[in-house]
Amino acid sequence: MNQPTPPVPRAEWKSRFGFVLAAAGSAVGLGNIWKFPYITGENGGGLFVLIYLACILLIGLPIMIAEIMIGRAGQRQPIGAFEAIHEKKNAWSGIGWMGVVAGFIILSFYIVVAGWAMDYTLKSVVNFTKPIEATAAAEADSFIASASKDEIKAFLVETKVAHELRPKQSLFESQLTKQESNSYDRFAAAIEAAEDKQEARRRLLTDEDLKRDVRKVEEINKKVAKAKFEISNQVERSVNVLTERQLLAEAKTAKRRALIFDKMATAFINTATNGWQSLMWAALFMMVTIGVVAGGVAAGIERACRILMPTLFALICTMVLYGAFQPGFAEAISFVFSPDPSKLKASGVLEALGHAFFTLSLGMGAMMTYGSYQSSKEALLQESLMITFLDTLIALLACMMIFPITFSYGQEPTAGPGLVFMSMPLAFAEIGAGGMLLSILFFGLLFFAALTSAMSLLEVVASYLIDQKNWTRPSAALATGLLTLAVAVPAAFSSDADSVLANWKGDYGMDFFDTMDHLASNWMLPLGGLFIAVYAGWVMPRRVQEAEVKDMPGWAFHTWLWLVRIVAPALVIIVLLQKVGVFDIDEIVAGFR
Ligand code: TRP
């Protein structure tokens with residue numbers, strides 16, 4: 001005869017503080033440390049940061065409250081939670097299913113980047129920057145010894161002009177819409193191909209629309225050329241007054257830094273394009289994550305976060321302190337904190353909104369799942385405020401840690417994972433012996449941050465098997481972890497020249513890796529967030545909702561309700577429509593000018 005299995009008591013956090021730390025651990029991750037600084041750099045700093053903060057407050061925080069509320073009320077992970085609240089099957093479980101799929105997709109590239117962080121931590125232990133620095137110094141010496149004085153002068157001028165021109169140039173070019181530059185590019189290519197260039201130009205410019213675009217681009221190009229001319233004169237004058245000793249010293253430093261940068265870039269590209277190695281590190285990272293998740297909610301996730309989160313915080317503060325003594329600190333602070341409307345494109349607003357979801361781990365049920373391990377019905381507002389505050393604080397500190405170094409070493413805040421893996425070691429190489437320690441700390445920190453985030457992603461997927469299918473925790477963690485690893489294989493090999501995927505380009509010419517990121521972060525999370533907001537604001541039974549907010553001040557509850565019913569959904573819908581291409585914000589704004 002079959003014995004009915006006794007119900008296993010549901011896992012629970014040991015304390016409220018433990019829950020807050022774990023949720024903050026989920027929120028603080030690669031999104032804060034590489035993605036936020038780089039998109040801030042791309043969008044011109046100050047004003048972008050301000051808008052991002054507004055998005056966090058108006059959309060992120062309310063949806064955070066909604067997710068934790070649903071999880072606490074349902075006491076299930078996202079697929080089961082809606083069913084439990086309504087005591088019958090319903091379509092809202094679809095949010096949970098989408099979350100599971102999004103979890104796999106995000107993990108597939110997340111663990112690859114996290115694996116690189118582990119790789120770089122080990123590389124730092126063997127002091128990989130030292131030989132790079134040494135070769136670069138030797139090569140710079142031989143350049144100075146063999147080049148003529150005019151060549152050296154020309155090199156220094158060119159380096160300085162390029163550095164000073166870049167921010168001005170991108171400022172000018174940001175005044176162009178995508179459509180304007182595209183139509184100009186096509187025009188230029190047609191002229192290039194034509195035999196009689198004068199005649200071709202005259203014929204093409206009979207088109208009024210094209211004429212307007214071409215004129216605008218040519219005006220911008222003229223401005224760039226003028227800026228270049230002015231900067232060149234200025235730089236040449238300043239280089240001419242240098243004594244020979246100063247000239248040689250400056251040129252040598254510039255040459256050495258340029259060489260170090262090239263070599264760091266090569267080192268990173270070698271890492272990123274080595275599919276087998278990337279996969280091996282990703283697998284190792286996955287094993288650690290599986291181990292923690294298998295350990296359970298309180299003994300695994302909560303305990304790991306109790307140690308890792310304060311350590312992470314201390315490490316970041318150390319790096320910020322180091323940055324405070326660098327020459328680029330003032331420039332970095334003003335870059336991050338002083339709003340300059342001329343530097344922000346309207347589409348940057350939309351990017352800020354998308355990132356708010358990613359960085360707070362919203363839109364796929366991670367916060368719902370973590371909330372479901374809490375039986376308390378109190379302090380929903382305080383918890384959400386605390387998690388959001390910690391995540392935002394660390395994102396801002398990450399900027400204050402990275403940009404002083406970037407600016408001090410004459411680097412631009414360039415794109416992608418490269419910012420962290422190429423620019424930071426540049427500073428570590430210069431610092432020498434202490435740099436090795438900082439390098440270990442920095443990449444170790446990146447690894448910790450990624451680990452506490454990946455845990456939450458895996459937990460969403462594993463908890464489905466645990467809650468709904470009665471699997472034991474270790475087998476659920478192992479099964480979903482291994483499945484994730486299988487999904488990560490193409491991401492690991494996506495830039496390996498030997499793999500078939502190297503030539504695989506998605507719709508926007510992105511490789512597999514970027515396509516996964518784009519699909520999950522820009523589509524699935526905002527869509528999931530939209531449904532969660534609508535559910536919490538309009539559909540969730542009043543009685544269940546009120547039980548969760550008993551201790552929330554009335555005004556706070558009503559503000560939340562208003563945000564989650566109207567403001568958040570409306571803003572998300574605008575973003576999605578823009579992404580579908582129904583309209584182009586930049587063009588609409590340009591139309592008003
Ligand atoms: N928030 C994490 C970061 O900033 C990533 C992350 C963890 C995440 N869990 C998530 C993103 C759930 C979206 C959904 O790196």
Side-chain angles (χ1 to χ4, degrees), residues 11-36 56 60-61 64 67-68 71-72 77 99 103 106-107 110-111 113-114 117-118 121 285-286 288-317 356-374 379 382-398 441-463 477 481:
E12 219 175 288
W13 305 108
K14 271 222 203 72
S15 69
R16 185 181 311 287
F17 184 60
F19 163 69
V20 171
L21 273 188
S26 163
V28 176
L30 297 173
N32 301 59
I33 300 178
W34 66 254
K35 199 170 176 189
F36 183 62
I56 293 280
L61 183 60
M64 171 81 69
E67 277 209 29
I68 299 176
R72 290 200 329 191
Q77 64 79 52
I106 295 176
L107 271 173
Y110 209 84
I111 65 171
V113 181
M118 284 176 99
T121 311
F285 179 80
M286 200 67 240
V288 179
T289 312
I290 291 173
V292 180
V293 172
V297 171
I301 300 176
E302 183 172 351
R303 206 170 52 174
C305 288
R306 263 177 194 275
I307 303 165
L308 296 182
M309 289 307 288
T311 315
L312 174 71
F313 191 69
L315 290 183
I316 293 191
C317 290
F357 280 100
F358 188 85
T359 190
L360 291 175
S361 302
L362 297 176
M364 54 81 68
M367 289 300 165
M368 229 180 265
T369 309
Y370 272 20
S372 77
Y373 298 129
Q374 204 183 29
Q382 290 89 321
E383 288 174 359
S384 310
L385 277 171
M386 194 65 197
I387 299 162
T388 308
F389 171 75
L390 284 174
D391 183 75
T392 310
L393 179 69
I394 296 207
L396 294 177
L397 284 175
L441 287 180
F442 179 78
F443 288 109
L445 156 177
L446 199 60
F447 161 63
F448 287 166
L451 179 63
T452 54
S453 297
M455 278 160 17
S456 73
L457 286 159
L458 189 64
E459 179 66 25
V460 172
V461 187
S463 65

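All values reported here derive from a predicted model rather than from experimental measurement.
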For the atom pair [atom1] ([X]) and [atom2] ([Y]), what is the distance rounded to the nearest 0.5 Å?
X: L457; Y: T369; atom1: CG; atom2: OG1; value: 10.0 Å
X: L30; Y: F358; atom1: CG; atom2: CZ; value: 7.0 Å
X: F442; Y: I316; atom1: CZ; atom2: CD1; value: 8.5 Å
X: W13; Y: I301; atom1: CH2; atom2: CD1; value: 5.0 Å
X: S384; Y: L61; atom1: OG; atom2: CG; value: 6.0 Å
X: L390; Y: L312; atom1: CG; atom2: CG; value: 10.5 Å

Quick one, [X] and [Y] - any side-chain contact, counting heavy atoms below 4.5 Å?
X: F313; Y: L397; result: yes
X: M64; Y: I387; result: yes
X: V297; Y: E12; result: no
X: M455; Y: Y370; result: yes

[X] (side chain) donor-acceptor with [Y] (main chain) under 3.5 angstrom:
X: T452; Y: G25; answer: yes
X: T359; Y: A356; answer: no
X: S453; Y: V28; answer: yes
X: S361; Y: S26; answer: yes
X: Q374; Y: R16; answer: no

Does the pair E67/R72 count as a salt bridge with the N-to-O cut at 4.0 Å?
no

What residue among D391, T392, L385 forms side-chain contact (heavy atoms from CB on, under 4.5 Å) with T388?
T392

Heavy atoms only: give me the nearest M367-A23 pair and the separation to one decimal.
CE-O, 3.4 Å

What's the shortest heavy-atom distance between A449 and I33, and which atoms?
CB-CD1, 4.0 Å

Stepwise side chain to side chain donor-acceptor pair (under 3.5 Å) test for T311 and R306
CA-CA 9 Å; T311 315; R306 263 177 194 275; over 6 Å; no

How are the rings of F447 and F285 set relative to one another: parallel (under 30°), tilted (30 to 60°) or perpendicular (over 60°)?
perpendicular

Check step by step if side chain to side chain contact (heavy atoms under 4.5 Å, CB included) holds for M118 and L446.
CA-CA 8 Å; M118 284 176 99; L446 199 60; over 6 Å; no

Should Y373 and Q77 be marked as a side chain to side chain donor-acceptor pair (under 3.5 Å) after you check the CA-CA gap, both sets of side-chain angles, and the distance that decides it?
CA-CA 9 Å; Y373 298 129; Q77 64 79 52; over 6 Å; no

